[in-house]
Amino acid sequence: MKKIIKAAVCVALACVLVSALAGCANINSITTSVISSIKEKQDGTETTTAATQSSSAGSVIDEFVAGTYGGIDFESEADVVEYYVQCYNNTKAQTAEYIDADGNTQVFYALLGEEALSIDSVLIEGSSNSIIDTLVPTIMDTLFSKSTYGLPPCNNRNPELDVSDDGVYDFRTSYFTADDCEECNVCENSDGSITITIQPKSGSMSQRGADSQGRFFEVLGDIGATVDSIDQLSWASGTTEENCLVNYEGGTGSVVIDTATNTITSADYHMAVTVEVMHASVLVIKDKSASVEISYDMTYPASDEYLMESKGITRV
C-alpha cells in the first residue's frame, strides 16, 4: 500500500488519541500539525518488521466444491490457487497504450483498477467517539489521493517498474501459493466465465510479497517509520514496534476469468485491516490505546472517468 495511505492512517490514529481529552478546536489544531510533520517525513527510509501469517479465525466465504467449472477441472483448493496464479500472470502480461496528462503515449497494464479507502471503525480505549467518527473520514478524504494500478500486489501501473522497492519481488507474476489460502471457491457464470473467490490466511505486519496477505493484497507494510515521524506522538512505555500493530483478517478477492483465454476480465479485492496502538501519548494525553478498522477496496477494470479524474490518463 502506498505511503500516502500510511500517512492517512497515522493521522487518524493521532487524532483519535487527541479526541480522548481534547476539544474540537484542539483536535483541528493538532491534526494540522500532524499532517504537516508526516508530509515532511513520509518519504524517509522505512524500518523492517518481520511479517507473520497464521490461519484465520474462520472462513468468510463458501467452502470449495470440487467439479468442472467453465470447462476447467478443479479437484482441490490447490488447483484453484494454481489456476488463479496462471490467469493473474497471463493478465499482467497484457499491456495497452494510454495518453497521459501531458499528451504523451505511455504503456501501462491493460487491466487497471480503481481504489477506495474507508475507515469502518474508530475506538478509543475500546469506545467510539462521535467527534472523531465525524472528523476522521474528512481527514482521510483530504490525505488520500486516488490512483490506479494493475492487479494487486502492484507497485506501479507501468509493468517495467512493477517491482518491490528493494528489487526482491517482481509483481508482474504472482507469488501466492496454496499454503497462503484460508479458503477459496469457484462458480460458473451464465456466460461461461468463472468466478474464483479467495480468502488469504490472516497476517500481522504484512509486507508486500512476503506473506499470505502481502502476496494477495496491497498491504500497509511497516508503518513504523511513518508513526515515528509524528512529532507529537510518544510512548508511555515500550517501542513503536511493540505498541503499533497492523493485523489483517477476513479480506477476500473475487476475479472473473475468461476460460478461453485464461485471463482475468474483472475483479474485486477487499482488504480488511485493523491498526492497533497501545501506550500512546499525544501532548498531555498519556498512555492511551486506540484501534482503527480500515477497508481498502480495488475494483477492475477502472472506468474511463476514473482514469481521467484520478490520473488524467485516457485509453488509446
Side-chain angles (χ1 to χ4, degrees), residues 1 53 55-74 76-92 94 109-118 120 146 148-154 171 173-203 206 208 211-219 248-273 293-303 306:
M1 193 180 288
Q53 69 184 61
S55 180
S56 303
S59 173
V60 299
I61 62 176
D62 294 336
E63 292 184 2
F64 167 73
V65 177
T68 301
Y69 301 86
I72 309 294
D73 294 329
F74 297 99
S76 66
E77 291 188 359
D79 290 341
V80 177
V81 172
E82 181 180 358
Y83 187 63
Y84 166 78
V85 169
Q86 176 189 345
C87 295
Y88 177 102
N89 295 346
N90 290 343
T91 303
K92 276 201 151 181
Q94 297 181 332
Y109 285 119
L111 186 63
L112 296 179
E114 303 181 8
E115 61 176 356
L117 180 71
S118 64
D120 300 327
K146 295 180 180 180
T148 184
Y149 300 94
L151 293 170
C154 183
F171 298 118
T173 59
S174 176
Y175 295 90
F176 196 73
T177 70
D179 288 340
D180 296 325
C181 182
E182 172 71 19
E183 187 72 78
C184 62
N185 60 51
V186 189
C187 68
E188 186 167 346
N189 304 315
S190 59
D191 61 359
S193 66
I194 64 172
T195 297
I196 288 179
T197 300
I198 294 175
Q199 178 187 345
K201 289 179 179 177
S202 62
S206 293
R208 191 188 289 134
D211 68 329
S212 56
Q213 294 281 320
R215 287 189 278 267
F216 195 74
F217 290 124
E218 288 294 339
V219 295
Y248 303 80
E249 185 174 3
T252 62
S254 292
V255 299
V256 177
I257 295 172
D258 179 355
T259 56
T261 60
N262 297 327
T263 57
I264 296 170
T265 58
S266 63
D268 289 287
Y269 291 84
H270 169 72
M271 187 183 77
V273 56
E293 292 185 1
I294 302 164
S295 289
Y296 180 61
D297 296 282
M298 303 186 79
T299 303
Y300 300 79
S303 68
Y306 179 91

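In this text, all values refer to a predicted model and were calculated from it rather than measured experimentally.
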Checking the side chain of Y306 only, and the main-chain atoms of E115 only, is there a donor and an acceptor separated by less than 3.5 Å?
yes
CD-OG distance between E293 and S118, expressed to the nearest 0.5 angstrom:
10.5 Å
Spell out, as yes or no, whether a donor-acceptor pair under 3.5 Å connects the side chain of D180 to the backbone of K201.
no
Side chain E114, main chain S303, donor-acceptor under 3.5 Å
yes
Main-chain N/O of Y88 paired with S174 side-chain donor or acceptor, under 3.5 Å
no
Looking at every heavy atom in both R215 and Y175, which two are closest together, and how far apart are they?
CD-O, 3.0 Å
Within the supplied structure, the quantity of interest is the number of heavy atoms (other residues, nucleotides, ligands) at a distance under 6.0 Å from E188 CD; does it exceed 12?
yes
Sub-4.5 Å side-chain heavy-atom contact between D258 and S193:
no
Distance check, rounded to the nearest 0.5 Å: T91 atom OG1 versus Y109 atom OH?
11.0 Å
Does the side chain of P301 come within less than 4.5 Å of S266's, by heavy atoms?
yes
Side chains of I61 and N185, heavy atoms from C-beta outward: is any pair under 4.5 Å?
yes
Minimum heavy-atom separation for F217 to H270, with atom names?
CZ-O, 3.5 Å
Check for me whether the distance between the ring centres of Y83 and F74 falls short of 6.0 Å.
yes
Closer than 3.5 angstrom, by distance alone: can the side chain of T148 be matched with the main-chain N or O of G113 as a donor-acceptor pair?
yes
Is the distance between the ring centroids of F216 and Y248 under 6.0 Å?
no
Heavy-atom donor-acceptor pair, Q213 side chain to V219 backbone, under 3.5 Å:
no
Using side-chain heavy atoms (C-beta onward) and a distance below 4.5 Å, is Y69 in contact with T259?
no
At what distance, to the nearest 0.5 angstrom, does CG of N89 lie from OG1 of T263?
12.5 Å
When rounded to the nearest 0.5 angstrom, what distance separates CD1 in I196 from CD1 in I264?
8.0 Å
Do you know the tightest heavy-atom contact between Y149 and C154?
CB-SG, 3.9 Å
Any side-chain to backbone donor/acceptor pair from S59 onto E183? Under 3.5 Å, distance only.
no
For the student: nearest non-hydrogen atoms of N90 and N262, plus distance
ND2-O, 3.0 Å
Could you tell me which non-hydrogen atom of L111 sits nearest to which non-hydrogen atom of T265, and how far apart they are?
CD1-O, 3.9 Å
Counting only N and O atoms by type, is there a donor-acceptor contact under 3.5 Å from the side chain of Y300 to the main-chain atoms of G150?
yes
Residue pair T173 / K92, side-chain heavy-atom distance below 4.5 Å
no
Which of T299, T252, V255 passes side chain to side chain contact (heavy atoms under 4.5 Å, CB included) with D268? It is T299
Rounded to the nearest 0.5 Å, what's the gap from OG on S254 to CD on Q199? Could you check?
11.0 Å
Which value, rounded to the nearest 0.5 Å, describes the distance between M298 atom CE and L117 atom CG?
11.5 Å
Which pair of heavy atoms, one from V60 and one from G250, lies closest together, and at what distance?
CG2-O, 3.7 Å
